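Before any comments, here is the structure.
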Amino acid sequence: MTGKQRGGRPWGEIRAASTEAHELAEFLRARVRASGKTLAVLEGEISYSRSQISLYLGGQVPERVFIEALLCATVPPALRDRLQAEAQKLLQAARNPRPVGRPAGSGGGASDLAGELAAVRAQQVETYERLTRALEQQNELRQAADNSAKLTMVLLAMISRLERRITDLTSERERLLAASADDTRVSLTEQQLTRAQEQELRAQQELRRTQDKLARAEGLAAVVQAKVDQLETELDGLFGTNRRNPTDDSDALRTPPSGTRAGAFADPTADDIDQALAQSAVVNDRDDQTLQRITHDLGHTPNSPGIVQDNHPDKHSTNAVTADNPPGVWLNTKGPFWRADQSAQALTATARGDIHEAARIYRSLNRLNTRFGPEHASTLLALRQEVISRGEQGGYARAAEELAGLTTACERILGPQHLDTLTTRHYHAYFHGLAGNYKDAVDAIARLVRDFTHVRGAEHPDTLHARRNQDHFFGLAGGYARAERSLATLGAVYERVLGLQHADTLYIWQCHASFRGKAGDYTGAAEQLTTLCLGFDRILGPDHPETLHTRRILACFHGMAGDYTGAARTLAELGALNERVLGKRHPDTLTAQHRHAYFHGLAGNYKDAAYALAGLGHNFESVFGRQHPYTLRTGRDHAYFRGLAGDHHHAVRELASLLSEHEHALGPRHPDTLHTRRSLAHLRGLADSYTDAVDEFAELVSLYERILGPGHPDTLHTVRHHAYFRGLAGDLVGALNEFAELAPHCERILGPEHPDTLTTMHHHAYFRGLAGDLVGALNEFAELLPHCEHILGPEHPDTLHTQRHHAHLLALTVQRDRAERLLDELVRRFERVLGPGHPGTIRAMDSLAYLRSRPPHNVTAEELAELDTPYGPYIRSRHQHPRTADHQLPDHQLPAPTATPNSSVLRRIATYLGYPPKNPFQQ
């Protein structure tokens, strides 16, 4: 078969003096055919005339310089070295041909061997030609994917500008209509608005086309890569040599393209937008044609060795991808193309968040790849993907254990610096960290970052992902502030390398926002996460796991900022969504349910929260194990709400046991460990161990200030508990001063309507009344009560306690009848909300019974003046609200307590304020 020049006339017959010269000429012709260049084009590129080129391609043995120049002009760089070496072998053989033996057909063995060699040479030439076409397709797909990535950013920026333009034009139209402006101006504005709306619709359509084109290009790239791998393997078999990676360029196709920030258009007029949309359509049309042509080419079965088939796009093929023969049908032989298609489908399923489908595909691929042997690279990589998919379903510890074994195998078979070895190490460290081993994960990834930087470069996406996970686990280990700073720096690098709208860029800012909130900036983190939710929703979809994960973090920080009820409601919805998308036992589902129960409890539903967390604790333990931080956290919250529901003693024993487990798993200085100590100290104080609680909280305040900082919300929360039990232990002046100093910090950091701020004000009024300033305390409770009812709700336990103390003070002044009615109603509320056996309910019932058993009597000014208390000067000098600027009496003006107040008036005040029946000042 003489063949045909692409775009030219058929080749002439090869007239060579020997079989070796014939093989060399056929080899060189194959290179010219694969390049698609004509003799006229080659004449200008290699400085040989067309007649000389024709002579050499017709069978005359050429010079070495000619062969090198021809291969440089016709062969891609990826194959050039190998083909140069092969051409030199053929040239050497052509210059030194073997002696001619007996004629063919005489039955000689030498003739049979020559025929076999000729067939092998022909197969090599044909395989080279197919490999060259595959590499050309790979480059075209890379260009199409790069165009799509850049065009996506341009269109997103355009859509954003159009949305602002529509808003501005709508406002302008409404303003003109309200001002009864000239009809011409109104009509012009409406025309501009209509045009902008049409442009936004066109931009959305082009964006969908672009994203679809990117997905198609990535899927085809996987198929083409498999084809290249297969052809290179065939060549290895034909040459009997080990295959060398052609170039690192093929790896660029597997990694996200480097993003460039699309600049906004300088001219905001509609004409410029129309022009940009037209250009976008042209790019999409051109790339669509490229993808359709490559899809059509791949729709043909691979050429049989030694047979040259004409795969012109216009020629009909029964294997082409059509409506009756969809993609995947022609890949049903379970060969390399089928495996590549399945891998592409698994990657697509992972990208859209369908981890169960991805796991199913990887299991199928792993079973198929076992025929290569347990230590074949394909088997190892398929097994790694299957393990990763199982890990992403929640089996963190098991995935880490299996990946540890795979890492050892990859290091032995592929080498310690091989990219697949490094990637396996990265996943092992990642799942090891998710299993709760935060510090070990940080150390392992730190070593991995150095290796990735050496092999891939400092700004390669693999290196950046390793740095991100290192910061992430460092933050989970308790380094909130440092993780926030490091992730902010790394986020800027992600924006420069991958682009603003890349999913990995959004993810790193999600991590940054998470630790920003954990470091105490709840409001700032919530604002940042609100923007990120829109980005994830637009790029990945509303039901993608990362979108749901971001919404969950946002709801948690809304709750931490004080909106307990709203956070619980949102988390209940997210729990149902996670269960539908990810499954009942997925870690994200369990975490959403845990956070819902937690904020439901903070909203005052102590019993319901304790019950829900008890069940969740068993689920966490079965999925993660007893020592995982998530399991320990769930157990701590269950015990805490159990104690707030009234079962102090059992909750204290449970928390004491959990504290030792926290210290063993996370260390004594981890924020979760400190949180457990704080919960334990609080419940011990509620169980009347005031002095022990004061000592414990004093130590905790020092630790919190040193680890999280004096302005962190958890530090303020701990200071408030310290002041509260300090007052209950008898140090009224110290407690009042501490609350007065704490109040403005809570207002500034948390906000005036945060529940912790309201609780601080409540405790200040409580101890102010207990110290004898009944009028001042009554005014504070009267001012505080509407805020509690509005923010926390009328039946929140904290609201009920505020109402009870307010009623006590009313009973002490001039409104005994009103106080009795309020207490009677409050008893029923306490029974309904907390139950009849709760200490708060019992205290309300005792107060009401005591009030009804006593004759009507109000504390008079004379009785207060006779009050035998060393705090008299402090009480008389203090009549302003602690929110005012001069909120605290200097310590040197406070008299030291010199006597124990024991008058009947003080005892009556203590009883009405709901104090424990024993003397609160007894040390």
Side-chain angles (χ1 to χ4, degrees), residues 513-514 516-518 520-527 529-530 533 548-579 587-617 619-620 629-645 651 671-672 675-676 678-679 682-683 712-714 716-717 720 746 750-751 753-759 787-801 833-834:
S514 176
R516 180 182 180 181
K518 290 178 184 292
D521 187 4
Y522 300 150
T523 304
E527 292 175 353
L529 287 165
T530 300
C533 279
L548 300 179
H549 183 70
T550 308
R551 289 178 59 192
R552 187 190 78 221
I553 300 174
L554 173 61
C556 288
F557 285 125
H558 278 314
M560 299 303 289
D563 187 8
Y564 299 153
T565 303
R569 183 169 56 250
T570 302
L571 288 164
E573 298 172 358
L574 286 173
L577 273 175
N578 274 285
E579 185 172 337
D588 284 357
T589 304
L590 297 179
T591 303
Q593 293 171 347
H594 167 257
R595 302 314 287 170
H596 164 256
Y598 178 75
F599 287 109
H600 191 57
L602 291 183
N605 306 285
Y606 301 149
K607 286 187 176 179
D608 292 345
Y611 180 78
L613 288 166
L616 279 172
N619 293 337
F620 271 106
Y630 292 175
T631 307
L632 298 178
R633 187 183 309 163
T634 306
R636 177 197 67 206
D637 294 338
H638 162 258
Y640 183 64
F641 287 118
R642 180 181 183 181
L644 291 183
D672 278 0
H675 191 165
T676 305
R678 189 179 72 201
S679 300
H682 185 201
L683 292 184
H712 192 279
D714 286 351
L716 301 181
H717 192 81
R720 176 168 59 82
C746 288
L750 302 175
E753 294 188 343
H754 191 280
D756 280 359
T757 305
L758 299 182
T759 304
H787 295 289
C788 291
E789 292 175 344
H790 172 68
I791 296 169
L792 301 175
E795 293 196 346
H796 189 282
D798 288 351
T799 305
L800 297 181
H801 288 308
V833 174
L834 298 177

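Keep in mind that this is a model prediction, so the values were computed, not measured.
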Original post:
Is there a donor-acceptor pair under 3.5 Å between the side chain of T799 and the backbone N or O of P794?
Top reply: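 Side chain of T799 to backbone of P794: no pair is present.
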
Heavy atoms only: give me the nearest [X]-[Y] pair and the separation to one decimal.
X	Y	value
T757	G751	OG1-O, 2.8 Å
A651	L683	CB-CD1, 3.6 Å
F557	A513	CE1-O, 4.0 Å
H600	N605	O-ND2, 3.0 Å
C533	L554	SG-CD2, 4.0 Å
G520	P713	CA-CD, 3.4 Å

Original post:
Any side-chain heavy atom of R633 within less than 4.5 Å of one from D672?
Top reply: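 Result yes, sub-4.5 Å side-chain heavy-atom pair found.
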
**OP:** With the side chain counted from C-beta on, respond yes when L644 and H682 share a heavy-atom pair under 4.5 Å apart, and no when they do not.
**Re:**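 L644 reaches H682 side chain to side chain.
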
With rounding to the nearest 0.5 angstrom, report the [atom1] to [atom2] distance, [X] to [Y].
X	Y	atom1	atom2	answer
T634	L632	OG1	CG	8.5 Å
M560	L750	CE	CG	9.5 Å
C746	L758	SG	CG	10.0 Å
L529	R552	CG	CZ	11.0 Å
T631	N619	OG1	CG	10.0 Å
H787	L792	NE2	CG	11.5 Å

Partners passing side chain to side chain contact (heavy atoms under 4.5 Å, CB included) against [X] (at least two apart in sequence or in another chain):
X	value
A567	F599
E753	I791
H717	R678, R720, H721, D756

**OP:** Please identify each residue that fulfils ring pair (Phe, Tyr, Trp, His ring centres under 6.0 Å) with F620, with sequence neighbours left out.
**Re:**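 Checked F620 against ring pair (Phe, Tyr, Trp, His ring centres under 6.0 Å); matches are F624.
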
Original post:
Taking only residues two or more places apart in sequence or in another chain, which ones pass ring pair (Phe, Tyr, Trp, His ring centres under 6.0 Å) with H558?
Top reply: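 H558 satisfies ring pair (Phe, Tyr, Trp, His ring centres under 6.0 Å) with no residue once adjacent residues are dropped.
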
**OP:** Specify whether H796 and Y606 have parallel, tilted or perpendicular ring planes, treating 30° as the upper limit for parallel and 60° as the lower limit for perpendicular.
**Re:**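 Correct class here is perpendicular.
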
Just list the side-chain donor-acceptor pairs under 3.5 Å for residues 588-598, sequence neighbours left out, or say none.
unit_1: T589; atom_1: OG1; unit_2: N578; atom_2: O; d: 3.2
unit_1: T589; atom_1: OG1; unit_2: G583; atom_2: O; d: 2.8
unit_1: T591; atom_1: OG1; unit_2: P587; atom_2: O; d: 2.7
unit_1: H594; atom_1: NE2; unit_2: D637; atom_2: OD2; d: 2.8

Subject >> side-chain contact (heavy atoms from CB on, under 4.5 Å) between L602 and F641, intermediate numbers included >> reply: CA-CA 9 Å; L602 291 183; F641 287 118; 4.1 Å; yes

